[in-house]
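A quick note: this is a predicted structure, and the numbers were derived from the prediction, not measured. Numbering starts at 1 and runs along the sequence shown. We use all heavy atoms of the structure for the numbers below, so side chains are in, but hydrogens, waters and symmetry mates are not.
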Amino acid sequence: SHAVCFDGILETLPESLRRFVTDIRLLEDMTPALCNKMAGIGNAAALLEYLVNNHYFLKKKEGGHYRFYDPFADYLRSVLPPAKEEYQKAAQCFLDAGDWMSAGRFAFLADNWALLERCAVQTGDAMITNGLIPELDGWLDRLGADRCGPVACLFKAKLLVLRGQYAEAMPVVDRALSGFRSAGGR
């Protein structure tokens, strides 16, 4: 366990930095703008640089991105387990930044069905193309038939067809067509 290695690290930080690290602990690939949004502050760039320069298990990557070292990130999430509201906040931050894939991943964890469906619809083709079929399938299964709009239903049917489950795909296509008709063909 990494807990022994990192015990007491957070306590060595000033309160404002401890709060900042707590606020951004869910993020993997961080930018100052994203951290500002997650933490509700305006000085994330300075705080990130302080953490890097003082060896607080954060590395600076190319392009102004930052990332906690994986063992430290795991430690933070284990000692400070996130609440659904934090997942929701992260989903909204990524949505605001135009990162539909990350927004969907956090919407999934937040049980935000409406946002999860929007993200599945926005990223479904890219997820299929990039080999993320199991993840997309998980999103659609989490939504369930009763929460899937017509476009999401078509993605579910597409996944069934890709697996050769043609008979199972047909009722899903019918449900999608019914949904389109109910929505006035939109």
Side-chain angles (χ1 to χ4, degrees), residues 23-38 59 61-74 76-78 81-186:
D23 288 341
I24 66 169
R25 74 189 182 286
L26 297 180
L27 306 176
E28 291 183 11
D29 189 37
M30 300 176 248
T31 63
L34 185 60
C35 291
N36 278 335
K37 204 156 184 56
M38 271 303 281
K59 59 185 164 187
K61 299 167 40 182
E62 288 186 31
H65 290 246
Y66 297 81
R67 184 180 183 97
F68 284 117
Y69 287 97
D70 289 337
F72 187 63
D74 293 342
L76 285 174
R77 293 180 199 121
S78 71
K84 285 197 189 275
E85 296 78 25
E86 292 174 289
Y87 289 131
Q88 177 58 40
K89 184 175 184 178
Q92 190 60 54
C93 287
F94 281 109
L95 182 65
D96 292 346
D99 183 346
W100 288 91
M101 180 72 70
S102 296
R105 289 177 173 148
F106 282 106
F108 180 90
L109 295 168
D111 294 331
N112 182 332
W113 312 123
L115 180 55
L116 182 59
E117 181 182 11
R118 285 178 55 207
C119 292
V121 167
Q122 285 291 323
T123 62
D125 283 324
M127 291 177 83
I128 291 168
T129 301
N130 292 313
L132 299 173
I133 292 172
E135 185 173 12
L136 177 60
D137 204 25
W139 289 9
L140 297 172
D141 285 347
R142 186 70 154 283
L143 286 171
D146 56 326
R147 290 191 210 99
C148 275
V151 177
C153 281
L154 287 178
F155 276 113
K156 184 65 177 176
K158 192 177 206 178
L159 295 179
L160 291 166
V161 167
L162 288 171
R163 287 195 297 260
Q165 297 173 295
Y166 306 108
E168 292 88 344
M170 289 313 299
V172 179
V173 170
D174 290 340
R175 193 165 51 246
L177 292 174
S178 175
F180 283 122
R181 282 192 286 281
S182 295
R186 288 182 267 144

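Asp137 contributes no side-chain N or O that, together with a main-chain N or O of Ile133, makes up a donor-acceptor pair within less than 3.5 Å. Side-chain atoms of Ser182 come within 3.5 Å of backbone N or O of Ser178 as a donor-acceptor pair.
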Margin query: What verdict does the side chain to side chain contact (heavy atoms under 4.5 Å, CB included) test give for Leu34 and Ile24, after you've listed the backbone C-alpha separation in whole Å, the side-chain angles of each residue and the deciding distance to 0.1 Å?
Written below: CA-CA 9 Å; Leu34 185 60; Ile24 66 169; over 6 Å; no
Check: Please walk me through it: do Trp100 and Leu95 pass side chain to side chain contact (heavy atoms under 4.5 Å, CB included)?
Finding: CA-CA 6 Å; Trp100 288 91; Leu95 182 65; 3.5 Å; yes
Notebook entry, point to check: Asp29 and Lys61: side chain to side chain contact (heavy atoms under 4.5 Å, CB included), yes or no, with the steps?
Noted result: CA-CA 9 Å; Asp29 189 37; Lys61 299 167 40 182; 3.0 Å; yes
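Pairing each heavy atom of Phe94 with each of Ala103, the nearest pair is CB-N, 3.6 Å. The two atoms that bring Cys148 and Leu143 nearest to each other are SG-CB, 3.9 Å, heavy atoms only. Residues Pro32 and Gly64 approach most closely at CD-O, 3.6 Å, considering heavy atoms. The two residues Pro134 and Gly131 have their closest heavy-atom pair at CD-O, 4.0 Å. Closest non-hydrogen pair, Ala176 versus Cys153, comes out as CB-CB, 3.6 Å. When all heavy atoms of Val172 and Ala157 are compared, the closest pair comes out as CG1-N, 3.8 Å.
Contact of the Met30 side chain with the Phe68 side chain is registered, since non-hydrogen atoms from C-beta on lie closer than 4.5 Å. For the pair Arg25/Glu86, a side-chain contact is recorded, criterion being any heavy-atom separation below 4.5 Å from C-beta on. With contacts defined as side-chain heavy-atom distances shorter than 4.5 Å, the pair Leu136/Lys158 does not qualify. In this structure, the side chains of Asp141 and Lys156 come closer than 4.5 Å at one or more pairs of heavy atoms. With contacts defined as side-chain heavy-atom distances shorter than 4.5 Å, the pair Tyr66/Leu27 does not qualify.
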Under 3.5 Å, which donor-acceptor pairs do the side chains of residues 107-120 form with other protein atoms, sequence neighbours left out?
unit_1, atom_1, unit_2, atom_2, d
Asp111, OD1, Arg142, NH2, 2.9
Asp111, OD2, Lys84, NZ, 2.4
Asn112, OD1, Ala114, N, 3.4
Asn112, OD1, Leu115, N, 3.0
Asn112, ND2, Gln88, OE1, 2.7
Glu117, OE2, Gly149, N, 2.5

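For Met101, the side chain to side chain contact (heavy atoms under 4.5 Å, CB included) partners are Asp99, Arg105, Thr123, Met127, Leu132, Trp139, not counting sequence neighbours. Not counting sequence neighbours, the partners of Lys59 by the side chain to side chain contact (heavy atoms under 4.5 Å, CB included) test are Arg67, Tyr69.
Dense packing is recorded around NZ of Lys89, with more than 12 heavy atoms of other residues, nucleotides or ligands lying under 6.0 Å away.
Leu154 CG to Leu140 CG: the interatomic distance, rounded to the nearest 0.5 Å, is 11.0 Å.
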